[in-house]
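First comes the structure, then the notes that go with it.
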Amino acid sequence: MSNSRLMNSRVVVMLLVGVSAVVMLLYLHLATEVAHLHTSMHSHNAIDYHLDSVPAARGVLDVNNIVVIYNRVPKTGSTSFIGLAYDLCAKNKFNVIHINTTKNIPTLSLTDQMRFVYNVSNWVEKKPGIYHGHVAYLDFSRFGVIQQPIYINLIRKPLDRLISYYYFVRYGDDLRPNHIRRRMGDKMTLDECVAMDHQDCSPTHLWVQVPFFCGHHAECWVPGSSWALEQAKHNLVHKYLLVGVTEEMGDFVAMLEYSLPRLFKGAYDLYLSGKKSHIRKTVKKVMPSEETIAKLQNTKVWRLENDFYNFALDHFHFLRKKTLEEVVSLGRLMDRGQKFAYEKIKPKKT
């Protein structure tokens, strides 16, 4: 009898050990799965945190998540243009943010570059949005960003821009007539400045548009750098959606409205109304003599800046011809419409 009880006890113990082992294996398996799930969720949240949304990570164009950067060049009509965005932002439900750099320095430190890229990429509450300011082009891909911002800009004939800037810092404009400019009270004309080879009108003051498009490389800011010119051209074609010219701002606005209606719907009519077509004018300008113009044009800086302007103008005209047509009966420019179609789609659905 005792032997039988002993055998039964052993069987019970073995069963208990077996059940315990099975329970332990199930627990370990469940714990492993939970840990794996936790890791996956953490990784997913990290992707969302850096890229804002899954569609962006997949390369999907989401018009409600786009960011436009207008790194405006001084004295190119940028105040008039950005005024359109401020008038439309509430109606079209997007945000406009001004980038105000210390002392208007257009280049950022490496740490500020990282801060700016991080903020623009992750400030979800301000998407869609337009950032604008006097900042040199910044390549977001250098920081590992997948969803790139859309760059736009306006440029102006180099001498016209210099003349406007030269007198602007002396006489101000009609937008802020009481604001004290840094050369206020200086009555020296541009002709006198050039004749004296004064620093205020040296060729370095012409070297603005090329470096703004070239970017944050040191060579970009070397006046007369041929490398900077080529880099600026490359960026204009490959990194910018559209670059217009001040002298044809209406066409620029029309093209933006038709290509980015999520933000610019209504901009063209607002521009044509005249209310925002020219809201800032320099109080006083004295046009330079032919001698002054010839002296300024006889510099490498002017030749490169003018080369860049003509390059941009040709590209803009090419895009305009492909995109817009003038409808005389309506007195306005219209989109030419879609000129492509999808066909021969296989396999066919049954």
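Basis for what follows: all heavy atoms, side chains included, without hydrogens, waters or symmetry-related copies.
- Between Arg142 and Asp139 no salt bridge is recorded (no basic side-chain N to carboxylate O distance below 4.0 Å).
- For the side-chain contact (heavy atoms from CB on, under 4.5 Å) with Ile130, the lone residue among Ile150, Ile82, Ile97 that qualifies is Ile82.
- Residues Tyr131 and Val68 form no side-chain contact, since every pair of their non-hydrogen atoms from C-beta on lies 4.5 Å or further apart.
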Quiz item: Between Asp62 and Arg262, does a side chain to side chain contact (heavy atoms under 4.5 Å, CB included) hold up when you go through it step by step?
Solution: CA-CA 10 Å; Asp62 180 4; Arg262 174 63 182 83; over 6 Å; no
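- Separation of the Phe213 and Tyr240 ring centroids falls under the 6.0 Å cut-off.
- Smallest separation of non-hydrogen atoms from Pro203 and Val301: O-CG1, 3.2 Å.
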Exercise. Would you please test Ser226 and Lys300 for side chain to side chain contact (heavy atoms under 4.5 Å, CB included) and show each step?
Key: CA-CA 10 Å; Ser226 298; Lys300 183 179 180 181; 3.8 Å; yes
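- Judged purely by atom type and a 3.5 angstrom limit, Asn71 has no side-chain atom pairing as donor or acceptor with the backbone of His134.
- Between the side chain of Trp207 and the backbone N or O of Cys220 there is at least one donor-acceptor pair closer than 3.5 Å.
- What you find for Leu333 and Tyr268 is that their closest heavy atoms are N-OH, 3.1 Å.
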Practice problem: Please step through side chain to side chain contact (heavy atoms under 4.5 Å, CB included) for the pair Ile66 and Lys127, ending with a clear verdict. | Solution: CA-CA 6 Å; Ile66 60 175; Lys127 293 181 180 180; over 6 Å; no
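- Between Phe140 and Phe116, the angle of the ring planes goes over 60°, which puts this pair in the perpendicular group of the 30/60° scheme.
- Within the 3.5 Å criterion, the main-chain N or O of Arg303 finds no donor-acceptor partner in the side chain of Asp307.
- No hydrogens or angles considered: nothing links the side chains of Asp191 and Thr189 as a donor-acceptor pair under 3.5 Å.
- Proximity of a side-chain donor or acceptor of Ser259 to a complementary backbone N or O of Met255 within less than 3.5 Å is detected.
- One hydrophobic cluster, built from ILVMFWY side chains closer than 4.5 Å, holds both Met188 and Val286.
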Quiz item: What do the steps show when you test Tyr166 against His198 for ring-ring contact (aromatic ring centres under 6.0 Å, His included), and what is the final call?
Solution: CA-CA 12 Å; Tyr166 180 86; His198 195 279; 8.6 Å; no
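- Classification of the Tyr70-Phe81 ring pair by plane angle, with boundaries at 30° and 60°, yields perpendicular.
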Quiz item: So Asn65 and Gln147, side-chain hydrogen bond (donor to acceptor under 3.5 Å, both in side chains) or not? Walk me through it.
Solution: CA-CA 10 Å; Asn65 201 38; Gln147 186 180 16; 3.3 Å; yes
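- Around the CD atom of Glu219, the shell of radius 6.0 Å holds more than 12 heavy atoms that belong to other residues, nucleotides or ligands.
- In terms of modelled atom types and a separation under 3.5 Å, the side chain of Asn153 and the main chain of Val243 share no donor-acceptor contact.
- Under the 4.5 Å side-chain heavy-atom criterion for ILVMFWY residues, a single connected hydrophobic cluster contains both Phe318 and Ile155.
- Expressed to the nearest 0.5 Å, how far CZ of Phe212 lies from SG of Cys214 amounts to 12.0 Å.
- A donor-acceptor pair shorter than 3.5 Å can be found between the side chains of His317 and Glu248.
- Looking only at distances, a side-chain donor or acceptor of Asn310 sits under 3.5 Å from a matching main-chain atom of Asn306.
- Glu305 places a side-chain heavy atom less than 4.5 Å from the side chain of Pro211.
- Atom NZ of Lys157 has 12 or fewer heavy atoms from other residues, nucleotides or ligands within 6.0 Å.
- A donor and an acceptor atom, one from each side chain of Arg72 and Ser78, are located under 3.5 Å apart.
- Side chain of Trp221 to backbone of Gly215: a donor-acceptor contact under 3.5 angstrom is found.
- For Arg320 and Phe316, the positive end is not near the middle of the six-membered ring at less than 6.0 Å and at most 45° from its axis.
- For the residue pair Pro158 and Leu206, the shortest heavy atom distance occurs at O-CD2, 3.7 Å.
- A 4.5 Å side-chain heavy-atom check between Phe252 and Thr246 finds every atom pair outside the cut-off.
- A 4.5 Å side-chain heavy-atom check between Thr76 and Gln209 finds at least one atom pair inside the cut-off.
- For the residue pair Ala136 and Thr107, the shortest heavy atom distance occurs at CB-CG2, 4.5 Å.
- Contact annotation: the side chain of Pro74 approaches that of Arg161 to within less than 4.5 Å [non-hydrogen atoms, C-beta and beyond].
- With a 4.5 Å cut-off on side-chain heavy atoms, Tyr165 and Arg156 do not count as touching.
- Rounding to the nearest 0.5 Å places CD1 of Ile69 at 9.5 Å from CD of Gln148.
- Using a 4.5 Å cut-off on side-chain heavy atoms (C-beta onward), Thr79 and His132 make no contact.
- For the pair Lys75 and Asp160, the salt-bridge criterion is not met [side-chain N within less than 4.0 Å of a carboxylate O].
- The backbone N or O of Val194 sits less than 3.5 Å from a side-chain atom of Lys295, completing a donor-acceptor pair.
- Panel note: side chain His216, backbone Tyr137; a donor-acceptor pair is recorded below 3.5 Å.
- Closest heavy-atom contact between Lys233 and Phe308: N-CE1, 3.9 Å.
- Taken from OG1 in Thr111 to CE in Met114, the straight-line distance is 9.5 Å, to the nearest 0.5 Å.
- Across Ile152, Asn92, Val253, a single residue satisfies side-chain contact (heavy atoms from CB on, under 4.5 Å) together with Phe264, and that is Ile152.
- Hydrophobic clustering (ILVMFWY, side-chain heavy atoms < 4.5 Å, transitive): Leu263 and Leu270 are in one cluster.
- Interatomic distance, Leu256 CG to Asp251 CG, rounded to the nearest 0.5 Å: 11.0 Å.
- Across Leu296 and Cys201, no two heavy atoms sit closer than the pair CD2-O, 4.0 Å.
- Met287 and Leu162 fall within the same hydrophobic cluster, defined by Ile, Leu, Val, Met, Phe, Trp and Tyr side-chain heavy atoms under 4.5 Å apart, directly or through other members.
- With a 6.0 Å cutoff to the six-membered ring centre and a 45° limit on the axis angle, Lys285 does not count as a cation-pi contact of Tyr167.
- One hydrophobic cluster, built from ILVMFWY side chains closer than 4.5 Å, cannot hold both Leu236 and Trp227; they sit in different ones.
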Quiz item: Does the side chain to side chain contact (heavy atoms under 4.5 Å, CB included) test come out yes or no for Val145 and Val117, once each step is laid out?
Solution: CA-CA 8 Å; Val145 177; Val117 170; 3.5 Å; yes
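- Considering only heavy atoms from C-beta on, Val63 stays 4.5 Å or farther from Pro128 through its side chain.
- Side chain of Tyr151 to backbone of Leu138: a donor-acceptor contact under 3.5 angstrom is found.
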Which pairs of donor and acceptor atoms, one on a side chain in residues 321-329, lie under 3.5 Å apart (sequence neighbours left out)?
from: Thr323; atom 1: OG1; to: Leu319; atom 2: O; distance (Å): 2.7

